[in-house]
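Nothing fancy with the numbering, it's 1 onward along the sequence. In this text the structure is predicted, and so the values were computed from the model without any measurement.
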Amino acid sequence: MAKLKKMLGKIDDPIIIQMMKIIETQSKETLENWAIHNAEEHYLPIYETYEKREDLRQILSYIHQYLNKEITLKEVKPYLKELQLLARTIEHPASLASARAIATACSTIQTPTSALGFTFYGCAAITYHQLGLLKNNEEYEEYAKQELERLLHSLEAIAIKEEPHPVSINWYCNK
């Protein structure tokens, strides 16, 4: 059995580069809604397959309150931290990756680049869930590309052309 990676996908993949270009043109609100709803729809069911508890769904209800402007950023921050801590308590690789994907998607509220970050965890979650835990890294990476393509198409579908308030992102801040 291959040593399982926490994330799947590569930063230099053409699909990722295309996603980065689109993310740069979108508002914070568009990105946080896309990331959170995508993670909730596709990765929460994976989490709930392996974890028979309601904690993640309960925290997501507070995230939705923030998205609906019912609570403030200050009020939602403790729940973002709780999501990160929750992910540390999980052992099954598909469940762990799904919890991290959801936590990272939700952190888009504070950090717009997380709109890209959650995709790597999401790819691992769906890949390990669909293929199991006994494949080799090449098989996992190949399957993960399908998820990246789905994510790219979903981002393209919600992207607002000529968004008047795009986020300011420096992808290469370490150079």
Side-chain angles (χ1 to χ4, degrees), residues 4-51 56-57 59-60 63-64 66-67 80 83-84 86-87 90 92-133 135 137-163 165-172:
L4 298 177
K5 297 179 181 180
K6 294 178 183 177
M7 298 183 278
L8 292 174
K10 294 182 170 60
I11 195 69
D12 60 350
D13 186 293
I15 297 169
I16 293 292
I17 293 169
Q18 183 61 32
M19 289 175 74
M20 291 166 76
K21 289 177 182 177
I22 296 170
I23 288 169
E24 291 171 349
T25 69
Q26 298 304 298
S27 70
K28 178 181 169 288
E29 292 77 19
T30 298
L31 294 173
E32 63 195 18
N33 278 293
W34 170 72
I36 293 165
H37 290 294
N38 209 301
E40 187 172 26
E41 180 180 348
H42 295 279
Y43 310 131
L44 181 60
I46 294 171
Y47 173 83
E48 291 178 334
T49 296
Y50 301 97
E51 307 296 325
L56 195 55
R57 189 172 290 275
I59 295 170
L60 280 166
I63 302 300
H64 283 286
Y66 171 79
L67 294 176
L80 295 173
L83 279 170
Q84 296 294 331
L86 172 71
I90 300 165
H92 190 280
S95 179
L96 174 60
S98 63
R100 286 182 173 163
I102 294 164
T104 305
C106 290
S107 73
T108 303
I109 290 169
Q110 295 183 104
T111 311
T113 54
S114 293
L116 181 67
F118 94 95
T119 66
F120 296 104
Y121 289 118
C123 285
I126 204 120
T127 299
Y128 298 149
H129 178 66
Q130 292 296 323
L131 297 184
L133 307 178
K135 303 290 183 186
N137 285 332
E138 291 77 25
E139 290 173 289
Y140 288 136
E141 289 292 344
E142 189 59 37
Y143 192 88
K145 280 193 177 217
Q146 295 173 35
E147 180 64 2
L148 283 177
E149 287 176 9
R150 184 196 65 75
L151 287 160
L152 173 60
H153 295 311
S154 71
L155 180 57
E156 290 171 333
I158 61 90
I160 297 170
K161 295 196 185 307
E162 299 182 36
E163 165 62 53
H165 304 290
V167 293
S168 177
I169 295 178
N170 180 0
W171 294 112
Y172 305 103

request  = Might you work through the side chain to side chain contact (heavy atoms under 4.5 Å, CB included) test for Phe118 and Asn38, ending with a clear yes or no?
outcome  = CA-CA 10 Å; Phe118 94 95; Asn38 209 301; 4.2 Å; yes
Using modelled atom types and a 3.5 Å cut-off, is there a donor and acceptor pairing between side-chain atoms of [X] and backbone atoms of [Y]?
| X | Y | answer |
| --- | --- | --- |
| Ser27 | Thr30 | yes |
| Ser98 | Ser95 | yes |
| Thr104 | Ala101 | no |

request  = Determine, stepwise, if the pair Glu40 / Ile63 fulfils side chain to side chain contact (heavy atoms under 4.5 Å, CB included).
outcome  = CA-CA 11 Å; Glu40 187 172 26; Ile63 302 300; over 6 Å; no
Glu48 vs Arg57, salt bridge (charged side-chain N to carboxylate O under 4.0 Å, His left out): CA-CA, chis, key distance, verdict = CA-CA 9 Å; Glu48 291 178 334; Arg57 189 172 290 275; 2.8 Å; yes
query = Is Lys145 atom NZ crowded by more than 12 heavy atoms from other residues, nucleotides or ligands, each under 6.0 Å away?
reply = no
What is the minimum heavy-atom distance between [X] and [Y], and which atoms define it?
| X | Y | result |
| --- | --- | --- |
| Leu96 | Ile90 | N-CG2, 3.5 Å |
| Tyr140 | Gly132 | OH-O, 2.9 Å |
| Ala115 | Trp34 | O-CZ3, 3.3 Å |
| Ala144 | Cys123 | O-SG, 3.6 Å |
| Leu152 | Gln18 | CD1-CG, 3.8 Å |
| Asn33 | Glu29 | ND2-O, 2.8 Å |

task = Could you walk me through whether Glu163 and Thr25 pass side-chain hydrogen bond (donor to acceptor under 3.5 Å, both in side chains), step by step?
result = CA-CA 6 Å; Glu163 165 62 53; Thr25 69; over 6 Å; no
Tyr43 and Tyr121 aromatic centres sub-6.0 Å = no
request  = Would you confirm whether the ring centroid of His42 sits within less than 6.0 angstrom of the ring centroid of His129?
outcome  = no
query = Under a 4.5 Å cut-off applied to non-hydrogen side-chain atoms, are Gln84 and Leu80 in contact?
reply = no
message = I want to check something: taking the side chain as every heavy atom from C-beta on, are Ile36 and Thr108 in contact at a cut-off of under 4.5 Å?
response =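 Counting from C-beta outward, Ile36 and Thr108 never come under 4.5 Å.
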message = Salt bridge check, Glu141 against Lys5: does any charged N sit closer than 4.0 Å to a carboxylate O?
response = yes
ask   = Does the pair Glu24/Lys21 count as a salt bridge with the N-to-O cut at 4.0 Å?
value =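 Judged by the 4.0 Å cut-off on N to carboxylate O distance, Glu24 and Lys21 do not form a salt bridge.
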key: Residue pair Leu56, Leu83: steps toward the side chain to side chain contact (heavy atoms under 4.5 Å, CB included) verdict   = CA-CA 7 Å; Leu56 195 55; Leu83 279 170; 3.1 Å; yes
message = Can a side-chain donor-acceptor contact be found between Trp171 and Thr113 if the only test is distance below 3.5 angstrom?
response =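 Not at all, the side chains of Thr113 and Trp171 share no donor-acceptor pair under 3.5 Å.
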